[in-house]
Amino acid sequence: MPRDFMVKESMLDDYQMDLLDRTLDRSLVVSGCAGSGKSVIALQKAKRIQAEKGRDYTVIVFTKALKDYMQAGRQELGLNDAFYYHWDWKNRRGMPKADYVIVDEAQDFTREEIQEFIDSARKNIFFFGDTAQSIYGGLKTTLSMREIGSMLPNADAVPLYFNYRLPKPIARVTQTYIGVGVDPYRERTYKSTENQKPRFIRYSSGEDQIKAIARIIKARNLTDVGILVPHNEAIPKMSQLLNGQGINHEIRYNDKDDYHNNVDTLNFNSTNPKLMTYHSAKGLQFETVFLPFVESADSDDLRKSLYVAMTRTYRNLYVMYSNYSMPSPLSSVPSDLYISSETDTIEEL
């Protein structure tokens, strides 16, 4: 079953509790790595605001998928309805003001957008974002968390130090060989007790990759699965192939030419696999992540996207490709740090 998104306040570490206990009378700029609990703390901060200052606050996240994913946490904490994804907040709601504004995934916004958030807060604003740079750098000019902090000279800058999502073997690969501008791998940073190495597996074709995904899901009875692809255009065909393999699943697909063809059936209360792009998966987590159709990521922007995709898992990671040689930067990973087969031993078959 999917791991609960929310954690109890009593389970937070000292750094997270220090952040939560800080006065609401000062703005905050909170930075941390993927899996450090930023989204959880953002919602817990909203709960504190509601209890101490009333219901005049707004929570804004970057994508609709992340908003939907956080919905259960919002309901569990009894938060108000002022909870939006960015496009909705800006284009449909007209950027409503509130006494307190909380923004998650802040590193994915432009200077103009950050200023709009600041202007919408009558009292204080709380930014939460990744220490790694935005994966949207090639599409728009985004700001780092340090740059966001410079726009709020009176705000407190607060780091989160520990990662609770990534297994150490996967973190060793992502931090050392995949990420761009990320913190180096330090074993003490990673608190997960999971120990599965990532799997980099070559198949003869893309169709064989889809058959393998279906085979593994059925054989291991996987119920918390993200299938993440680099390009939105691959989703309709891949969805057809998954249906042909008898895999009930949900998708997020945006048709750039005709929005009437957009499809969003993601339901984070179900156990069906979720099919979407790397970009749509920002902020999400899954027990098992499949990355089919992996191509060479020869630019910083492509490597950042691959990094985001690989860090969505909290247990199993399958990276799949069909090139004769392993795509970069995976090819730079020492072979003892990954597994190149679907199964560890013949007994698993």
Side-chain angles (χ1 to χ4, degrees), residues 15-16 18-20 22-42 45-46 57-63 66-67 84-87 89-91 95 97-98 100-163 174-175 178-184 186 189 278-279 281-283 297 299-309 311:
Y15 297 103
Q16 293 169 327
D18 172 68
L19 190 164
L20 197 56
R22 286 181 181 244
T23 177
L24 300 175
D25 297 327
R26 288 178 66 87
S27 295
L28 291 176
V29 178
V30 181
S31 57
C33 61
S36 58
K38 298 183 297 297
S39 297
V40 170
I41 301 300
K45 199 69 175 176
Y57 65 90
T58 297
V59 179
I60 306 166
V61 300
F62 187 66
T63 66
L66 181 56
K67 174 184 177 291
Y84 308 111
Y85 64 99
H86 178 244
W87 187 93
W89 176 81
K90 181 171 182 175
N91 297 289
M95 298 187 291
K97 291 182 181 293
Y100 302 92
V101 174
I102 296 173
V103 180
D104 197 15
E105 298 291 344
Q107 81 286 344
D108 286 326
F109 294 104
T110 66
R111 181 175 295 275
E112 178 183 2
E113 290 165 342
I114 294 295
Q115 190 61 55
E116 289 170 347
F117 296 140
I118 294 172
D119 293 342
S120 73
R122 299 190 191 97
K123 294 182 178 178
N124 289 303
I125 189 164
F126 308 94
F127 286 111
F128 293 79
D130 205 311
T131 48
Q133 293 176 311
S134 168
I135 65 173
Y136 295 93
L139 303 175
K140 61 181 184 177
T141 304
T142 57
L143 298 185
S144 67
M145 297 306 294
R146 184 184 299 275
E147 290 170 323
I148 292 171
S150 70
M151 297 177 66
L152 290 166
N154 295 321
D156 290 338
V158 185
L160 291 173
Y161 291 100
F162 299 117
N163 185 305
T174 59
Q175 303 308 118
I178 309 300
V180 177
V182 300
D183 294 331
R186 297 184 180 92
T189 298
Y278 297 173
H279 290 73
K282 280 187 61 63
S299 70
D300 284 355
D301 291 332
L302 292 174
R303 285 183 61 175
K304 290 173 187 175
S305 296
L306 180 60
Y307 173 82
V308 165
T311 56

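This chain uses plain numbering: 1 for the first residue, then up along the sequence.
The distance from the CG atom of L306 to the CG atom of D301 is 12.5 Å, given to the nearest 0.5 Å. In this structure, S120 OG and K97 NZ are separated by 6.5 Å, a value rounded to the nearest 0.5 Å. Expressed to the nearest 0.5 Å, how far OH of Y100 lies from CG of D25 amounts to 6.0 Å. Atom-to-atom distance recorded for Y57:OH and I125:CD1 is 15.5 Å, nearest 0.5 angstrom. One finds the CD atom of Q107 at 10.0 Å from the OG atom of S144 (value rounded to the nearest 0.5 Å). Residue S27 holds its OG atom at 10.5 Å from CG of L24, rounded to the nearest 0.5 Å.
A donor-acceptor distance shorter than 3.5 angstrom exists from the side chain of T110 to the backbone of E113, with no hydrogens or angles considered. Between the side chain of K282 and the backbone N or O of E105 there is no donor-acceptor pair closer than 3.5 Å. The main-chain N or O of N154 is found under 3.5 Å from a side-chain atom of R26 such that the two form a donor-acceptor pair. Here the side chain of R303 pairs a donor or acceptor atom with the backbone of I178 at under 3.5 angstrom. Panel note: side chain K38, backbone D130; no donor-acceptor pair is recorded below 3.5 Å. No side-chain donor-acceptor contact under 3.5 Å links Q16 to the backbone of L160. Panel note: side chain K45, backbone V40; no donor-acceptor pair is recorded below 3.5 Å. Without hydrogens or angle criteria, Q115 side chain to E112 main chain gives no donor-acceptor distance under 3.5 Å.
The aromatic rings of F109 and F62 sit perpendicular, their planes meeting at an angle over 60°, well past the 30° parallel limit.
For the pair T131 and V182, the minimum side-chain heavy-atom distance is 4.5 Å or more. In this structure, the side chains of F127 and L152 come closer than 4.5 Å at one or more pairs of heavy atoms. Using a 4.5 Å heavy-atom cutoff, the side chains of L19 and F128 are in contact. Inter-residue side-chain proximity for I148 and R111 is flagged as unmet; no heavy-atom pair is nearer than 4.5 Å. Side-chain atoms of V101 and V103, non-hydrogen and from C-beta on, do get closer than 4.5 Å to each other. Side-chain contact between F117 and I60: present, with at least one pair of heavy atoms (C-beta onward) separated by less than 4.5 Å. Side-chain contact between F162 and C33 is absent, with no heavy atoms from C-beta onward closer than 4.5 Å.
No more than 12 heavy atoms of other residues, nucleotides or ligands sit less than 6.0 Å from atom CZ of R146. Heavy-atom neighbours of K123 NZ from other residues, nucleotides or ligands within 6.0 Å: at or below the threshold of 12.
In this model, a donor atom of one side chain and an acceptor atom of the other lie less than 3.5 Å apart for S39 and D104.
Nearest heavy atom pair, residue I135 against residue S305, reads CG2-N, 3.8 Å. In plain terms, the two heavy atoms of P184 and Q175 that are nearest each other are C-CB, 4.3 Å. Heavy-atom minimum distance, M145 versus V30: CE-O, 3.5 Å. Between V29 and A155, the shortest heavy-atom contact is CG2-CB, 4.3 Å. Between I114 and A106 the shortest heavy-atom distance is CD1-O, 3.9 Å.
Looking at R22 and D18, a side-chain N of the basic residue comes within less than 4.0 Å of a carboxylate O on the acidic one, giving a salt bridge.
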Problem - side chain to side chain contact (heavy atoms under 4.5 Å, CB included) between H86 and V61, worked out - result: CA-CA 6 Å; H86 178 244; V61 300; over 6 Å; no
Exercise for the section: I would like to know whether V180 and Y307 meet side chain to side chain contact (heavy atoms under 4.5 Å, CB included); could you show each step before the answer? Expected result: CA-CA 8 Å; V180 177; Y307 173 82; over 6 Å; no
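Residues satisfying the side-chain hydrogen bond (donor to acceptor under 3.5 Å, both in side chains) criterion with N163, sequence neighbours excluded, are absent altogether.
In this structure, K67 forms no cation-pi arrangement with Y85, as its terminal cationic atom is not both closer than 6.0 Å to the ring centre and no more than 45° off the ring axis.
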